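Note that this is a predicted model, so its numbers are computed, not measured. Just so it is clear, the values below take in all heavy atoms, side chains as well, and ignore hydrogens, waters and symmetry mates.
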Amino acid sequence: MKRTKLKLKKVKLFLLALCLFTVSLSTFNLLPSFAAGPKHYDELTFPALPELKLPKYTRFELKNGMRVYLMEDKELPLVGGNALFRTGERVEPSEKIGLANLTGTVMRTGGTKKHTSDELNQLLERRAASVETGISSTSGSANFTALAEDIEPVFDLFAEVIQQPIFAQEKLDLAKKQEQGGIARRNDNPDDITSREFQKLIYGDRSPYARTVEYKTLANISREDLVGFYQKYFHPKNMILGISGDFDTAKMRSLIEQKFGNWQPTQMAEVPPLPTVSAANKGGIFFVNQPQLTQSYVQMGHLGGMLNSPDYGALDVMNGVLNGFGGRLFNNVRSRQGLAYSVYAAWSARFDYPGVFVAGGQTRSEATVPFIKAINTEIDRIRTEAITPEELAFAKDSKINSFIFKFEDPSQTLARLMNYEYYGYPQDFIFSYRRSVEKATIADVQRVANTYLKPENLVTLVVGNTGAIQPPLSSLGTSVKVQSVDITIPSAT
């Protein structure tokens, strides 16, 4: 009996040891990474990015001059389209600022010769579709979205809105009231104040790229003005249409020719000349006093350039060195010195008129002057000191690796092709831009920084509480004169 118990005890001990060994072994097998240890990020290797090519598309032109791009995409049973029109807020008369925006709005909300606005809304809602129109600073647009099975009725409404708007008076009156509300509220947000007034300081308050709608200019706008503006610029010769989605190209082409092929407006198309651009200010410190604020909003910069500059690739690499997570401004001004909630800088180019170089951010009131000095230091440093190989590699890799996201969706690619044609750029511009980024060297970045960045022309705007900014802005230099900016909203009279 004793021997039996002893044997049983030995068996139990053996089984317990076996279980512990098995658990220990399985745990070890489940956690091999802990045993091996994680690799440092600079030891990681990644496969090369796949070669990117333009998706297959079709381009053709109707007899009336309308240009069309079609790009099939069978991933989802959806179809979307966008039309560009050669117009924009920049061509409206200075005494009728707001005319272009109202035209773009009421073109859709005012209904058509066949359907009222409410009827259009109901017909589209039944099909979970949309048709919208608008006019931005440099172009007009009309777009639609629809299920593939509903493309014909929705496209019919889309063509109707473009060709037969009636600009109903009551909808114009409503749009004007909404604009008036926007004017009344435009000084509520300090970010909006900063962006708006900075544009005026760069381009001039009368420039089409900076001027603002006022009660008085709204009052000057009539329904006849909207009709006249529409007739000048909404014409097939001024139109580029792009459609992507789940459709058959031959059938879509036939539908487009059916709905737009006979469109012959009574008035000839007008191609507006581009407004001239010059710097309104070359230097200076400007201030908008907002006593309720506990922080300062800062923008500083000067007139910039266009995307077709041969140096744009190197300038964009310069952006990558200065801007974003891992950039000099983030590392030095925000992280090391603790002078900013947000900080940024960018050579922000435009397609067909000079953009701006802009730097800025938000900081606590008492740190305003050190914050401005710190940004100036970084601007001067990138002009006079060569960046490091690590900074060059980081900036170039960030730009190049993000390139693939520009081809996520066929509609993105289609919109880019349309924009290139609209602004007169080559269709392979995005690839030539990428090549210029890849070729950029340390010497290139310093050269473009030294050539294009003009510290002596920097316009500095601060929106903040003058009593809380200590030291005062005048301490930025012995010859500095701080100029006050009046943001009072003019009355209608």
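A donor and an acceptor atom, one from each side chain of T138 and Y423, are located under 3.5 Å apart. In the model, Y297 has a side-chain atom that pairs as donor or acceptor with a side-chain atom of Q295 under 3.5 Å. No side-chain N or O of T377 forms a donor-acceptor pair with one of D380 less than 3.5 Å apart. Counting only N and O atoms by type, the side chains of D409 and S411 include a donor and acceptor under 3.5 Å apart. With hydrogens and angles left out, the side-chain atoms of E421 and Y69 include a donor and acceptor closer than 3.5 Å. Using modelled atom types and a 3.5 Å distance limit, the side chains of Q169 and D173 yield a donor-acceptor pair. A donor and an acceptor atom, one from each side chain of T488 and D486, are located under 3.5 Å apart. Using modelled atom types, one finds no donor on one side chain facing an acceptor on the other under 3.5 Å when comparing Y215 with E179. In this structure, a donor-acceptor pair under 3.5 Å is present between the side chains of T145 and S130.
For N64 (side chain) and W263 (main-chain N/O), a donor-acceptor pair under 3.5 Å exists by modelled atom type. D225 places a side-chain N or O within donor-acceptor distance of the main-chain N or O of S222, the cut-off being under 3.5 Å. Between the N465 side chain and the P291 main chain, a donor and an acceptor come within less than 3.5 Å of each other. When atom types are taken as modelled, the side chain of Q163 and the backbone of K259 share a donor-acceptor pair closer than 3.5 angstrom. For the pair N187 (side chain) and I193 (backbone), a donor-acceptor distance under 3.5 Å is absent. Judged by distance alone, with hydrogens and angles left aside, the side-chain atoms of S309 form no donor-acceptor pair with the main-chain N or O of M306 at under 3.5 Å. Between the side chain of R223 and the backbone N or O of I166 there is at least one donor-acceptor pair closer than 3.5 Å. In this structure, the side chain of K176 engages the main chain of L218 through a donor-acceptor pair within 3.5 Å. Within the 3.5 Å criterion, the main-chain N or O of G98 finds a donor-acceptor partner in the side chain of E92. Remark: the backbone N or O of I162 is paired with a side-chain donor or acceptor of Y230 at under 3.5 angstrom.
Using a 4.0 Å cut-off between charged side-chain N and carboxylate O, R90 and D352 make a salt bridge. Using a cutoff of 4.0 Å between basic side-chain nitrogens and carboxylate oxygens, E378 and R381 are scored as salt-bridged. Salt bridge status for K216 with E214: absent, with no side-chain N to carboxylate O gap under 4.0 Å. Salt bridge annotation for D192-R186: absent, with no cationic side-chain nitrogen under 4.0 angstrom from a carboxylate oxygen.
V333 and A374 make their closest contact through CG2-CB, 3.9 Å (heavy atoms, listed as atom of the first residue, atom of the second, distance). Between I375 and M300, the closest heavy-atom pair is CG2-SD, 3.8 Å. Annotation for F287 and V482: closest pair CB-CG1, 3.8 Å, computed over non-hydrogen atoms. What you find for N82 and S141 is that their closest heavy atoms are OD1-CB, 4.0 Å. Between L414 and G242, the shortest heavy-atom contact is CD2-C, 3.6 Å. When all heavy atoms are compared, the tightest approach of F85 to A83 is CE1-CB, 3.8 Å.
Residues Y353 and Y203 have side chains in contact (heavy-atom distance under 4.5 Å, counting atoms from C-beta outward). Proximity of R196 to I487: side-chain heavy atoms (C-beta onward) are separated by under 4.5 Å at one or more points. Considering only heavy atoms from C-beta on, N308 stays 4.5 Å or farther from F351 through its side chain. Taking 4.5 Å as the limit, every side-chain heavy atom of L120 sits out of range of all side-chain heavy atoms of V131. I430 is listed as a side-chain neighbour of F407, based on a closest heavy-atom distance under 4.5 Å. Side-chain contact between L241 and F158: present, with at least one pair of heavy atoms (C-beta onward) separated by less than 4.5 Å. Considering only heavy atoms from C-beta on, L453 comes within 4.5 Å of W347 through its side chain. Residues Q362 and P190 are not in side-chain contact: their nearest non-hydrogen atoms beyond the backbone lie 4.5 Å or more apart.
Expressed to the nearest 0.5 Å, how far CZ of R185 lies from CD1 of I489 amounts to 10.5 Å. Here N281 contributes atom CG and F286 contributes atom CZ; the two are 4.0 Å apart, rounded to the nearest 0.5 Å. The CZ atom of R416 sits 7.0 Å away from the NZ atom of K406 when rounded to the nearest 0.5 Å. Annotation: the span from S94 atom OG to N220 atom CG amounts to 10.0 Å, rounded to 0.5 Å. Atom CE of residue M252 and atom CG of residue L255 lie 6.0 Å apart, to the nearest 0.5 angstrom. Atoms CG and CD, from N262 and E257 in turn, are 10.0 Å apart once rounded to the nearest 0.5 Å.
Other residues, nucleotides and ligands place no more than 12 heavy atoms under 6.0 Å from the CD atom of E152. Residue-environment remark: CG (N189) exceeds the threshold of 12 foreign heavy atoms within 6.0 Å. The neighbour count for K237 NZ, taken as heavy atoms of other residues, nucleotides or ligands under 6.0 Å away, does not exceed 12.
In this structure, R86 is not positioned above the aromatic face of Y233 in the sense of NZ or CZ being under 6.0 Å from the six-membered ring centre and within 45° of the axis.
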Inset, instruction - Show your reasoning for whether side-chain contact (heavy atoms from CB on, under 4.5 Å) applies to F229 and I135. - result: CA-CA 11 Å; F229 193 89; I135 298 179; 3.8 Å; yes

Inset, instruction - Check the pair S195 / D191 against side-chain contact (heavy atoms from CB on, under 4.5 Å), numbers first and verdict last. - result: CA-CA 6 Å; S195 298; D191 259 332; 5.6 Å; no

Inset, instruction - List the steps, then state whether side-chain contact (heavy atoms from CB on, under 4.5 Å) holds for L62 with F60. - result: CA-CA 7 Å; L62 300 184; F60 61 93; 3.8 Å; yes

Inset, instruction - List the steps, then state whether side-chain contact (heavy atoms from CB on, under 4.5 Å) holds for K399 with Y433. - result: CA-CA 11 Å; K399 298 292 179 184; Y433 154 72; 4.2 Å; yes

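Aromatic rings of F357 and Y452 (six-membered ring for Trp) have centroids beyond the 6.0 Å cut-off, not under it.
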